[in-house]
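In what follows, a single structure is set out as structure tokens and then discussed.
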Amino acid sequence: MLQMNDKCAAMNRVMAAGFAVTEANLYLDTHPDCRVGLAYFASARNEYEAAKAAYEAGFGPLTPCAVTGQSGWSWVQGPWPWEPEV
Amino acid sequence: MWTYERRLEYPVRLLKPDARAARVIMSQYGGPNGELGASLRYLAQRFSMTDRRVAGLLTDIGTEELAHLEIVCTMIHQLTRGLTPEQLKAQGFEPFFTDHTLGAYPADVAGNPFTAAYLNVLGDPIADLSEDMAAEQKARVTYDNILHLVDDPDVKDVIRFLREREVVHYQRFGEALELVKDSLDKTNIYAINPSYDKC
């Protein structure tokens, strides 16, 4: 149960940071010279990269390139995002 | 080129099956104002978009719409899994079940299959961006309607997220339209198509 909560918390951190990146991305498309927006994007991206690295270290790859090979082709192991984890 | 990231954009964890809600939500997958049409519309309009900033915006919003399509399909999947034929009948799901079992076929709430007639690609920046702004409002209204028809707070929470994204996309497309208009001949902006006509 503890591990499940940890996994959920790690995924929530990826989702929150990933959302900040997406939102800043769209904003910058129409405000490409906004310095505050650029600084926000840089900070959101750093948090997103850190959150992804933490999730992948504990719970498996988020992209095929993150497969390490130590536990086989882990890309197809474990539930897909549409499967609810009970 | 796209790369899949093994996660949803927003968490979906629906443990209470409700085929009636699934049927209603399905329209935002394969219906007239759904996420499939949205993603195809924006990703197709990019190629004739003259302003590079706006071509980028179409790419990025089109990509986010693919993530929304995945969220909507995930909701349908989780709301229908494990139901018996009797439960599916009682919850009004038998028309869809007959043709597609519990597969994620893109159709509207009445069962009409998805069609490219739900979107347009005019190849004109002003016409396309005006369509995009209208499309975001129509999707927003559809999510409003869905919120009237579903009860589960967990379902409503995800629908509210998707609804909010339509509002943000509408704002960005409005800014994109201003960027395009600013770059056109201000004395005659509607007489030319900057993607095609030479003036």
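Bear in mind the structure is a predicted one, so any value in this text is a computation, not a measurement. Basis for what follows: all heavy atoms, side chains included, without hydrogens, waters or symmetry-related copies. Chain identifiers are assigned alphabetically (A, B, ...) following the order of the sequence lines, protein sequences preceding nucleic acid strands; residue numbering begins at 1 within each chain.
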Positions in residues 154-180 of chain B that reach chain A, provided some heavy atom is under 4.5 Å away: B:Phe161, B:Glu164, B:Arg165, B:Val168, B:His169, B:Arg172, B:Glu175, B:Ala176, B:Leu179
Any chain of hydrophobic side-chain contacts (each under 4.5 Å) joining B:Val54 to B:Leu119? no
Which pair of heavy atoms, one from B:Arg7 and one from A:Leu62, lies closest together, and at what distance? CB-CD2, 4.5 Å
Compare all side-chain heavy atoms of A:Thr63 with those of B:Glu5 and state whether any distance is below 4.5 angstrom. yes
Gap between atom CG of A:Asn25 and atom CD of B:Glu64 - 0.5 Å precision: 9.0 Å
Residues clustering with A:Val36 (ILVMFWY side chains joined when closer than 4.5 Å, directly or via others): none
Members of residues 43-60 of chain A whose heavy atoms come closer than 4.5 Å to chain B: A:Tyr48, A:Lys52
Atom group of B:Gln78 that falls short of 4.5 Å from chain A, counting heavy atoms: side chain
How close do A:Pro84 and B:Leu15 get, counting heavy atoms only, and between which atoms? CB-CD2, 4.1 Å
Where B:Pro11 and A:Asn12 come nearest, the two heavy atoms and their spacing: CG-OD1, 4.4 Å
Are the side chain of B:Arg6 and the backbone N or O of A:Pro64 linked by a donor-acceptor pair below 3.5 Å? no
Is A:Met11 close to chain B through its backbone or its side chain, or both, or neither, when contacts mean heavy atoms under 4.5 Å? side chain
Is A:Trp75 isolated, or which residues cluster with it under the ILVMFWY side-chain rule of less than 4.5 Å, directly or via members? A:Val67, A:Trp73, A:Val76, A:Trp80, A:Trp82, B:Tyr4
Minimum heavy-atom separation for B:Ile61 and A:Leu26, please, with both atom names. CG1-CD2, 3.8 Å
Residue B:Phe114 excluded, over 12 heavy atoms near CZ under 6.0 Å: yes
